[in-house]
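Before any comments, here is the structure.
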Protein chains: 2
Amino acid sequence: MTQTAPARGYHHGDLPNALKSAALEVIDEKGLGGFSLREVARRAGVSHAAPAHHFGDTAGLLTVLAVDALGHMRRVMAEAAEAETDPVERLAAVGRAYVRVSREHPGHCQVVFRTDLVDTDDPALVAAGLATFEVVRGVVADLAAEMNPDLDIDTATRLCWSTMQGVVEIEQKMKLHAHHSGTGLSDTDDTISAFTRMLVEGLRAR
Amino acid sequence: MTQTAPARGYHHGDLPNALKSAALEVIDEKGLGGFSLREVARRAGVSHAAPAHHFGDTAGLLTVLAVDALGHMRRVMAEAAEAETDPVERLAAVGRAYVRVSREHPGHCQVVFRTDLVDTDDPALVAAGLATFEVVRGVVADLAAEMNPDLDIDTATRLCWSTMQGVVEIEQKMKLHAHHSGTGLSDTDDTISAFTRMLVEGLRAR
DNA sequence: GTTGGATCTTTACGTTGTCAACTTGACATC
DNA sequence: GATGTCAAGTTGACAACGTAAAGATCCAAC
């Protein structure tokens with residue numbers, strides 16, 4: 001809640017951003033299930049109908065949050081990629097970053113894939129998706145340049161992103177392990193590393 | 001709506017199943033966003049509070065539907081596996097089946113991963129998840145037996161399921177293609193085939 | 001035949017999203 | 001400085017929702 005404006009009187013100054021912050025607070029605390037426009041308005045200290053004035057409806061606000069989530073993902077993944085030099089380690093690092101962000105802000109990241117809550121045709125959302133795709137694509141392209149010039153980079157990129165998102169869904173939302181031990185953090189990192197190895201080397205014996 | 005009972009008078013005969021059918025109808029027509037206990041009750045021709053009597057609350061009913069969805073998935077995947085002999089083609093067929101079911105009944109399949117709507121600790125749900133896992137595991141195990149005895153089968157199985165679910169999320173919920181042509185059905189089948197090839201052969205050149 | 005329990009209804013309460021009508025504040029123009 | 005105009009918020013209302021509690025109805029066993 002970094003209030004950049006006086007926020008006194010009838011006019012708030014920067015209500016849209018205040019509402020976005022409040023919305024993220026709610027989602028972080030109570031998850032997407034506990035999200036409501038009225039609760040957001042309450043936290044921002046405005047009337048219950050104020051959010052609709054700026055974002056139209058629930059989908060309007062959540063779509064903006066989805067764009068932000070994709071942007072955050074993109075930045076974190078780009079940073080993770082820059083920190084590694086070996087192309088395989090880079091892919092693994094990007095995967096770890098993706099899954100880590102998805103776990104640190106579950107609700108916020110889930111919004112991206114909640115097509116029932118979001119305007120999937122929103123240009124900003126589509127652009128944010130493509131921009132994030134480009135980061136993964138860059139990593140895959142570097143990998144291909146060094147290890148396999150014949151690789152279909154677009155397809156491989158989609159495979160990698162699908163796998164990363166699948167990990168978020170399967171490993172974190174389903175209870176497949178009889179003994180789910182500890183925080184599961186290092187477990188997930190190990191999973192990503194193992195998956196990356198298999199993706200690069202293949203399931204077939206060499 | 002196969003009504004197995006007279007459904008006359010005060011007692012319905014088999015309300016729980018009727019409610020499940022009605023719920024699937026609603027979800028199929030209006031998606032998970034349009035789902036409500038009251039609408040389900042309306043379709044089943046009972047009072048709005050009747051569902052709660054049998055399923056406790058919303059999560060109770062949806063959890064049962066999630067179990068059914070996993071069971072349906074398991075059966076369809078098992079059939080697809082039996083129809084192929086080559087282990088690689090088998091894996092591809094299972095993947096296609098998974099994605100096809102997920103698209104044919106989007107709402108129903110999404111319930112499985114909606115941890116906010118479902119009781120993830122429900123024993124039947126956990127069991128259904130494990131049973132479905134076993135089907136994929138069997139296919140991966142056969143693949144390993146023929147092509148790579150050293151393969152970590154559990155990890156490879158999780159990789160395959162993660163990828164399949166990731167395809168459902170990424171390819172169907174995000175608009176990454178500048179030109180999204182036609183029905184996208186054959187596109188998705190091609191995607192699965194390409195992904196399977198890459199999974200088996202690896203991203204690295206041989 | 002009556003008693004008990006399961007099944008379903010009725011009533012009620014609080015919460016939600018969204019719409020329409022209203023008020024307030026700021027700013028530009030005359 | 002008065003006036004017009006428009007965006008920004010408020011207020012009030014409405015229908016729909018989930019769920020809890022209490023009442024009605026049927027079946028079955030004794």
Side-chain angles (χ1 to χ4, degrees), chain A residues 3-23 25-27 29-66 107 111 114-119, chain B residues 3-23 25-27 29-66 107 111 114-119:
Chain A
Q3 51 185 22
T4 56
R8 73 196 183 290
Y10 211 91
H11 282 39
H12 182 282
D14 192 15
L15 227 202
N17 276 322
L19 289 172
K20 281 169 59 177
S21 302
E25 244 184 60
V26 175
I27 292 177
E29 281 180 29
K30 312 203 283 186
L32 259 180
F35 173 87
S36 83
L37 285 185
R38 289 175 110 105
E39 171 71 16
V40 169
R42 231 170 277 140
R43 300 218 185 188
V46 292
S47 76
H48 66 262
H53 194 273
H54 288 278
F55 297 99
D57 55 3
T58 308
L61 175 49
L62 289 181
T63 300
V64 172
L65 294 188
V111 180
R114 289 292 299 275
T115 55
D116 54 332
L117 296 180
V118 148
D119 176 16
Chain B
Q3 52 186 23
T4 57
R8 73 196 184 289
Y10 212 91
H11 281 37
H12 182 281
D14 192 16
L15 228 201
N17 276 321
L19 290 172
K20 281 169 60 176
S21 301
E25 246 184 60
V26 175
I27 292 176
E29 282 180 28
K30 313 202 285 187
L32 260 179
F35 174 87
S36 81
L37 284 186
R38 289 174 111 106
E39 172 72 15
V40 169
R42 228 170 281 140
R43 301 219 184 189
V46 293
S47 77
H48 66 264
H53 191 273
H54 288 279
F55 297 99
D57 55 2
T58 308
L61 175 49
L62 290 181
T63 300
V64 173
L65 294 187
V111 179
R114 288 294 298 277
T115 56
D116 53 333
L117 295 180
V118 150
D119 175 16

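Chain identifiers are assigned alphabetically (A, B, ...) following the order of the sequence lines, protein sequences preceding nucleic acid strands; residue numbering begins at 1 within each chain.
Note: NE2 (His54(A)) to P (dT10(D)) measures 9 Å, nearest angstrom. The nearest whole Å value for the distance from the CG atom in Leu15(A) to the P atom in dG9(D) is 4 Å. Rounded to whole Å, the distance from CZ on Phe55(A) to P on dT18(C) is 14 Å.
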Which pairs of donor and acceptor atoms, one on a side chain in residues 50-61 of chain A, lie under 3.5 Å apart (sequence neighbours left out)?
| from | atom 1 | to | atom 2 | distance (Å) |
| --- | --- | --- | --- | --- |
| Asp57(A) | OD1 | Gly60(A) | N | 3.1 |

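Rounded to the nearest 0.5 Å, atoms CZ (Arg42(B)) and NE2 (His48(B)) are 10.0 Å apart. Within the model, atoms NZ of Lys20(A) and CD of Glu25(A) stand 14.5 Å from one another, a figure rounded to the nearest 0.5 Å. The line from CG of Leu32(B) to CD1 of Ile27(B) is 5.0 Å long, rounded to the nearest 0.5 Å. Separating the CG atom in Leu37(B) from the CG atom in Leu62(B) is a distance of 7.5 Å, to the nearest 0.5 Å. The distance from the CZ atom of Arg114(A) to the CZ atom of Arg114(B) is 3.0 Å, given to the nearest 0.5 Å.
Listed by chain and number, the residues in a salt bridge (charged side-chain N to carboxylate O under 4.0 Å, His left out) with Arg38(B) amount to none (sequence neighbours excluded). Looking at residues two or more places apart in sequence or on another chain, you find no side chain to side chain donor-acceptor pair (under 3.5 Å) involving Asp119(B).
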Would you give a per-nucleotide map of nucleotides 15-22 of chain D, 5' to 3', where B means the base has a protein non-hydrogen atom under 4.0 Å away, S means only the sugar-phosphate does, and - means neither?
--BBBB--

For nucleotides 5-7 of chain D, list the nitrogen or oxygen atoms of the protein found under 3.5 Å from its nitrogen or oxygen atoms, one pair per line.
none

